[in-house]
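The next block holds one structure in the form of structure tokens; read it before the comments.
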Amino acid sequence: MSTPPLTLWRGARLATMCPGAPWGLIDDGALLVEGDTLRWVGAEHALPPALARQAEHDISLDGALVTPGLIDCHTHLVYGGHRATEFELRLQGASYDEIARAGGGIRSTVTATRVATDALLYKLAAQRARTLMAEGVTTIEIKSGYGLSAEHEARCLRVARRLGRELPLTVRCTSLGAHAVPHEYTGRPDDYIDAVCDWLTMQHGEGLVDAVDAFCDHIAFTPAQTRRIFEAARRLGLPIKLHAEQLSNQHGAALAAEFGALSADHLEHLDDAGIAAMAKAGTVAVLLPGAFYFLRETRLPPTPELRAAGVPIAIASDHNPGSSPGLSLLLMLNMACTLFRMTPEEALAGVTVHAAQALGLAQTHGRLQAGRQADFVVWDLAAPNELAYWFGRNPCRRIVRAGVEIEST
């Protein structure tokens, strides 16, 4: 078997996100790529001459900033329709809770998703994915949750899998059947949970799912119902995630930590016990400033307490039609700093190293380090703090995913 060709990318300012210096910064850095893997990363002057001579391609970046490929670790990318009318209703005073209980919210998107063809769902999701990719996103998580039946949940997961095959994008698929109770199960939430547990077995057998999620809140599912989902996932050997403590404190984060969850997401109403449980379990806190902003929430997630407890904090777009229709992960960095008082370095870690951890990819993604997948972004910026500073512009110059340069627009 022939050895993959080596490509040397040199003359870069590398924000490796590795431990040590702030940002893992290396000035006058170089990356040596072999196939889809980073073979060597470091200061250019330290590159062994024998390795440099093996490079078939030598690319100078003229001092440009380079970061790991960005990771959007919480999205709901596959759905039909939109909910702009609900946006107007909220501006007129209706709450998210009131809209959901009146049959709007998730249920209205379920209706639009069920009537959409597979081709249309793929077309819409691919357009959304490409918009995120244009800002340097090379890895994404996509949740189901807008089908809410065996047939339609599987359709959405198949569309997500297809995105990972046909786009230059790493896609992790999460089953979120426990997103809301569909109309056909009105008044029978426990029966619906039974059905969701059955679907998980089928989805897992077809290879459609990498993790399992649920929405644990007062307008969604109780901790007891959520526990049943987690137990079904555990029987199948699937990792779990959870929408927790967004609108109320149901102690879902502590429940997720009990099951060794990859992440608990939202967390505006998280308490000290939940923080301690997450810290002990190594569960990542995924903060979603887009939803906080769009719903005009006022209760901040406990960022200082999470930081003090050593809980890894990730940031994601939470792209969805009802509460976070944004498609800019860079904007989420700015929001994380301005709304949640994160530092620019914490925010970038939140869409690289910690986002990778939230997807179970901590050993392969999220850092510029030898042996990891060669995912990186070249930016028209001088310093990494500019990624969180600017908004309304896209400074992405070049994107490399799995060792192959892809279009950045």
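Positions are given from 1, in the same order as the sequence printed here.
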Are side-chain heavy atoms of [X] and [Y] found at a separation under 4.5 Å?
X      : Y      : result
Glu86  : Ser108 : yes
Ile275 : Leu306 : yes
Arg162 : Val159 : no
His269 : Gln246 : no
Ile399 : Met133 : no
Phe259 : Leu242 : no
Ile142 : Arg161 : no
Asp318 : His76  : yes

Hey, could you give me each pair passing side-chain hydrogen bond (donor to acceptor under 3.5 Å, both in side chains) that has a residue in residues 349-369? Not counting sequence neighbours. Gln369-Arg372

side-chain hydrogen bond (donor to acceptor under 3.5 Å, both in side chains) pairs touching residues 287-298, sequence neighbours excluded, are none

So which atom in [X] and which in [Y] form the shortest heavy-atom distance, rounded to 0.1 Å?
X      : Y      : result
Leu330 : Pro395 : CD1-CD, 3.8 Å
Arg90  : Gly322 : NH2-O, 3.3 Å
Ala253 : Leu267 : CB-CD2, 4.2 Å
Glu141 : Lys143 : OE2-NZ, 2.8 Å
Pro182 : Leu148 : CG-O, 3.6 Å
Ala264 : Thr283 : N-CG2, 3.6 Å

Lys/Arg N to Asp/Glu carboxylate O, Arg13 vs Glu386, below 4.0 Å: no

Ion pair Lys241/Asp210, N-O distance below 4.0 Å: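 Between Asp210 and Lys241 there is no salt bridge, as every charged N stays at least 4.0 Å from the carboxylate O atoms.
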
Return the set of residues passing salt bridge (Lys or Arg N to Asp or Glu O under 4.0 Å) with [X] (not counting sequence neighbours), or none when no residue passes.
X      : value
Arg307 : Glu346
Asp198 : none
Asp58  : Arg10

With sequence neighbours excluded, give me every ring pair (Phe, Tyr, Trp, His ring centres under 6.0 Å) pair touching residues 300-353.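 Pairs touching residues 300-353 that pass the test: Tyr79-His319, Phe292-Phe340.
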
Pairs satisfying ring pair (Phe, Tyr, Trp, His ring centres under 6.0 Å), at least one member in residues 204-227, at least two apart: Phe215-His243

List in chain and number order the residues that pass side chain to side chain contact (heavy atoms under 4.5 Å, CB included) with [X], two or more places apart in sequence or in another chain; answer none if no residue qualifies.
X      : value
Thr186 : Arg107, His183
Val400 : Trp9, Phe376, Glu405
Thr201 : Leu236
Arg341 : none

Enumerate the salt bridge (Lys or Arg N to Asp or Glu O under 4.0 Å) contacts for residues 250-266, please, sequence neighbours excluded, ordered by first and then second residue. Arg227-Glu258

Please evaluate residues Cys337 and Thr343 with respect to the criterion side-chain contact (heavy atoms from CB on, under 4.5 Å), reporting the C-alpha separation (whole Å), side-chain torsions for both, the decisive distance (0.1 Å), and the verdict. CA-CA 6 Å; Cys337 295; Thr343 69; over 6 Å; no

For [X] and [Y], test the side chains for any donor-to-acceptor distance below 3.5 angstrom and give the result as yes or no.
X      : Y      : result
Thr113 : Arg155 : no
Gln373 : Thr139 : no
Glu153 : Ser175 : no
Gln225 : Asp190 : yes

side-chain contact (heavy atoms from CB on, under 4.5 Å), that's the test. Do Glu135 and Cys396 meet it? Break it down for me. CA-CA 6 Å; Glu135 287 191 346; Cys396 180; 5.6 Å; no

